[in-house]
Amino acid sequence: MPKYVCVDKETCIACGACALHAPEIFDYDDDGIAYSMLDNNQGNSKIPEKWLENAEIAEEACPSLSIQIADEPFQHK
C-alpha cells in the first residue's frame with residue numbers, strides 16, 4: 001500500500017531528526033523548517049518503497065510530531 005508524507009511546518013522545531021533518519025526525503029527551507037523534498041511538502045507523491053522504513057523512523061523520532069505519514073494523499077487548502 002502506498003504511503004504519503006508531509007511536514008506540518010507550523011509545529012516543526014527544526015531539530016534535525018527527520019533529515020538525520022531520512023535525508024533522501026527531508027530537507028530544510030530558508031527558515032530552517034523541515035519539508036518533504038518528494039513534492040515540495042504537498043504530500044501527494046508516494047514515498048518510494050526503498051525509503052519508507054526511514055520515513056517511518058523519522059516520523060517516530062520527530063519530537064514535535066510534525067511528520068505525518070498517511071495512506072492517502074494529503075489535501076491542502
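Residue numbers count from 1 along this sequence.
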When Glu24, His21, Glu59 are each screened for side-chain hydrogen bond (donor to acceptor under 3.5 Å, both in side chains) with Asn54, the one that passes is Glu24
Just so I know, are the side chains of Tyr28 and Cys18 near enough to count as touching, which here means a heavy-atom distance under 4.5 Å?
yes
Answer yes or no: is there a side-chain heavy-atom contact under 4.5 Å between Lys3 and Asp71?
yes
Below 4.5 Å, heavy atoms only, C-beta onward: do Gln42 and Phe74 meet side chain to side chain?
no
Roughly how far, to the nearest 0.5 Å, is the CD1 atom of Ile25 from the OG atom of Ser36?
6.5 Å
Same hydrophobic cluster for Leu52 and Val7, using side-chain heavy-atom links shorter than 4.5 Å among ILVMFWY?
yes
Are Tyr4 and Leu38 close enough that some pair of their side-chain heavy atoms sits under 4.5 Å apart?
no
What is the minimum heavy-atom distance between Ala61 and Ala17, and which atoms define it?
O-CB, 3.9 Å
Find out whether Val5 and Phe26 are in side-chain contact, i.e. whether some heavy atom of one side chain is under 4.5 Å from a heavy atom of the other.
yes
Nearest heavy-atom pair of Ala58 and Ile67: which atoms, and what distance?
O-CD1, 3.5 Å
With sequence neighbours excluded, tell me which residues meet salt bridge (Lys or Arg N to Asp or Glu O under 4.0 Å) with Asp31.
none
Looking only at side-chain N and O atoms, does Ser66 offer a donor or acceptor that is under 3.5 Å from a partner on Thr11?
yes
State which residue, out of Ile69, Asn41, Asp39, fulfils the side-chain contact (heavy atoms from CB on, under 4.5 Å) condition with Cys6.
Asn41
Might you confirm whether atom CD of Glu53 has over 12 heavy atoms from other residues, nucleotides or ligands at distances under 6.0 Å?
no
With a 4.5 Å heavy-atom cut-off, do Lys9 and Tyr35 have their side chains touching?
yes
Please indicate whether Lys46 has more than 12 foreign heavy atoms, meaning atoms of other residues, nucleotides or ligands, lying under 6.0 Å from its NZ.
no
Can you name the closest pair of heavy atoms from Pro63 and Cys15 and give their distance?
CD-SG, 3.5 Å
Output for pair (Gln68 CD, Asp8 CG), nearest 0.5 Å, gives 5.5 Å
